[in-house]
Amino acid sequence: MKINKKIIFIIVLLDILLLAMFGTVFSILSVIGAIWFVYGWILMLRISKIKNSRKLKILANSYTIALAGFLISFIIIEGMLITHLVKLRDVNETKNFKYVIVLGAGLDGEEVSNRLKGRLDKTIEYYNKNSDVTIIVSGGQGKDEKISEAEAMEKYLINKGIRSNQIVKENKSTSTIENIKFSLTILKDLGALDEEVLIITSDYHLFRAQMIANKLNIKNQGLANRTFLWTRINYMIREYAAILKDYVKLKL
């Protein structure tokens, strides 16, 4: 069977256009991968039909099951994310908590990144409503970071007028699961295991953060900063794999 060179050319051209317009962001690379995956599936079905080989048919059916499983799980998870986004509370709709956990999101040198700045600004907005609160800033030091995210977060909040004695640093975590788990240890040390806490992070990230907190039996509510639409879409696609990975980790 001859491979249709025109289709290959169109797919390659589409890939180049997508990369030129949006760059090598995760969502675009995922779309490109999905296009080739579907094309490979169609090609496999055609080859198995023409060759009439039992082994090829089994392989094609396995390919079909894998593709169907991916599509169904992707739709379900993205649907839950969208539903969660629609129900996000505003600061004025959030009750007063004694403890807040703010999740890290990378640094630019020793300064907070734009993503992390959004989370911290939302924390400050909440603090202006309820100043009688202890803030746990959660984030370790990555391989390419000069200081821990928690240290940079503390510095940012203090510069914005929040007292240092209201900030507790969790500076060992390297993942969202560790963010929540190590913050739980701090809550235990503070004698606040039975307290309901407020988790603050980005809108696309809150669903996974609360899923982890719920699995660890932490009573919680969420508050999120709104990200730009393109940023949200990009990270929502990325969250699909992260949610599956963390769910399996928590189950194991």
Side-chain angles (χ1 to χ4, degrees), residues 79-106 112-139 149-150 152-170 173 176-229 231-232 235-236 239 242-243 246:
M80 290 191 296
L81 275 172
I82 292 169
T83 301
H84 198 260
L85 282 168
V86 171
K87 295 179 179 179
L88 287 180
R89 293 184 179 88
D90 191 61
V91 167
N92 294 327
E93 300 171 325
T94 306
K95 70 179 187 180
N96 290 350
F97 292 85
K98 291 183 179 179
Y99 298 93
V100 167
I101 300 173
V102 192
L103 305 184
V112 298
S113 62
N114 286 332
R115 283 194 298 138
L116 185 49
K117 181 178 179 295
R119 299 178 187 187
L120 293 170
D121 286 344
K122 181 59 68 173
T123 303
I124 293 165
E125 188 181 348
Y126 178 76
Y127 177 83
N128 290 334
K129 172 182 177 290
N130 173 31
S131 60
D132 186 21
V133 65
T134 296
I135 301 170
I136 300 171
V137 289
S138 179
E149 292 175 7
M153 293 162 77
E154 179 189 45
K155 178 182 174 183
Y156 184 89
L157 292 175
I158 290 173
N159 287 340
K160 295 294 183 178
I162 296 178
R163 297 190 301 274
S164 60
N165 63 357
Q166 289 184 268
I167 303 171
V168 181
K169 288 183 292 184
E170 181 291 291
S173 58
T176 303
I177 288 180
E178 289 184 352
N179 283 144
I180 305 297
K181 188 178 288 185
F182 295 161
S183 295
L184 177 61
T185 300
I186 290 174
L187 289 172
K188 183 179 180 180
D189 293 340
L190 294 172
L193 274 180
D194 294 329
E195 291 283 346
E196 186 176 28
V197 301
L198 181 66
I199 297 173
I200 299 180
T201 186
S202 304
D203 47 13
Y204 58 82
H205 187 232
L206 186 58
F207 176 85
R208 179 157 60 101
Q210 288 194 272
M211 176 191 78
I212 293 167
N214 291 336
K215 289 290 182 181
L216 295 176
N217 297 317
I218 300 174
K219 292 182 287 186
N220 70 92
Q221 288 189 27
L223 182 65
N225 69 295
R226 300 278 183 176
T227 55
F228 293 112
L229 180 60
T231 301
R232 194 182 313 149
Y235 280 99
M236 280 177 66
E239 281 294 293
I243 288 169
D246 284 354

* To do: May I ask you to check whether over 12 heavy atoms, not counting those of Asp132, lie within 6.0 Å of atom CG?
  => no

* Please say whether more than 12 non-hydrogen atoms of neighbouring residues, nucleotides or ligands are located less than 6.0 Å from NZ in Lys98. => no

* Apply salt bridge (Lys or Arg N to Asp or Glu O under 4.0 Å) to the pair Glu239 and Arg208, showing each step before the final yes or no. => CA-CA 8 Å; Glu239 281 294 293; Arg208 179 157 60 101; 2.8 Å; yes

* Can you find a heavy atom in the side chain of Gln221 that is under 4.5 Å from one in the side chain of Val197? -> no

* To do: Report the distance from atom CD1 of Ile135 to atom NZ of Lys169, rounding to the nearest 0.5 Å.
  => 14.0 Å

* Could you verify whether a donor N or O on one side chain and an acceptor N or O on the other, from Ser202 and Arg119, lie under 3.5 Å apart? => yes

* **Parallel, tilted or perpendicular, as decided by the 30° and 60° cut-offs, for the rings of Tyr235 and Tyr204** => parallel

* **Side-chain touch Tyr126/Leu223, heavy atoms, less than 4.5 angstrom** => yes

* Shortest non-hydrogen contact from Ala192 to Tyr99? -> CB-CE1, 3.4 Å

* Asked: Any side-chain heavy atom of Met236 sitting closer than 4.5 Å to one from Leu85?
  -> yes

* **Between CG on residue Leu198 and CZ on residue Arg89, distance to nearest 0.5 Å** => 9.0 Å

* Verify whether one side chain among Tyr127 and Gln166 offers a donor that lies under 3.5 Å from an acceptor in the other. => yes

* To do: Just do the salt bridge (Lys or Arg N to Asp or Glu O under 4.0 Å) check on Glu178 and Lys181 with the steps written out, would you?
  => CA-CA 5 Å; Glu178 289 184 352; Lys181 188 178 288 185; over 6 Å; no

* To do: Report the C-alpha distance between Ile212 and Asn179 in whole Å, list the side-chain angles of each, state the deciding distance to 0.1 Å, and finish with yes or no for side chain to side chain contact (heavy atoms under 4.5 Å, CB included).
  => CA-CA 10 Å; Ile212 293 167; Asn179 283 144; over 6 Å; no

* Taking Asn220 for its side chain and Ile218 for its backbone only, find out whether a donor-acceptor pair lies under 3.5 Å. => yes

* If you measure from CD1 on Ile186 to OG on Ser138, what distance do you get to the nearest 0.5 Å? -> 7.0 Å

* Asked: Got Leu81 and Ile243 here, is their nearest side-chain heavy-atom distance under 4.5 Å?
  -> yes

* Between NZ on residue Lys95 and CD on residue Glu93, distance to nearest 0.5 Å -> 14.5 Å

* Asked: Do Asn114 and Thr231 have side chains that get closer than 4.5 Å, going by heavy atoms?
  -> no

* Derivation and outcome, side chain to side chain contact (heavy atoms under 4.5 Å, CB included), residues Val102 and Ile136 -> CA-CA 6 Å; Val102 192; Ile136 300 171; over 6 Å; no

* Under 3.5 Å, side chain of Thr176 to main-chain N/O of Ala209, donor-acceptor pair present? -> no

* To do: Working to the nearest 0.5 Å, report the span between NZ of Lys117 and CG of Asp121.
  => 4.0 Å

* Asked: Are any side-chain N or O atoms of Lys129 and backbone N or O atoms of Thr94, one a donor and one an acceptor, separated by less than 3.5 Å?
  -> yes

* Asked: Pick one: which of Val137, Thr123, Ile101 meets side chain to side chain contact (heavy atoms under 4.5 Å, CB included) with Ile200?
  -> Thr123

* Donor-acceptor contact present, side-chain Glu149 to main-chain Gly106, <3.5 Å -> yes

* Asked: Taking side chain as C-beta onward, heavy atoms only, is Val100 less than 4.5 Å from Asn130?
  -> no

* To do: May I ask you to test the Asp203-Asn225 pair for a side-chain heavy-atom distance under 4.5 Å?
  => no

* To do: Could you go through the side chain to side chain contact (heavy atoms under 4.5 Å, CB included) check for Leu116 and Met153 one step at a time?
  => CA-CA 8 Å; Leu116 185 49; Met153 293 162 77; 3.6 Å; yes

* Asked: Is there a donor-acceptor pair under 3.5 Å between the side chain of Gln210 and the backbone N or O of Phe207?
  -> no

* Could you tell me whether the side chain of Lys219 and the main chain of Asp194 form a donor-acceptor pair under 3.5 Å? => yes

* Structure fact -> Interatomic distance, CG@Leu103 vs NE2@His205, rounded to 0.5 Å, equals 6.0 Å

* Asked: Under 4.5 Å between any side-chain heavy atoms of Leu88 and Arg226, yes or no?
  -> yes

* Asked: Do you know which two heavy atoms are closest between Arg232 and Thr227, and how far apart they sit?
  -> NH2-O, 2.7 Å

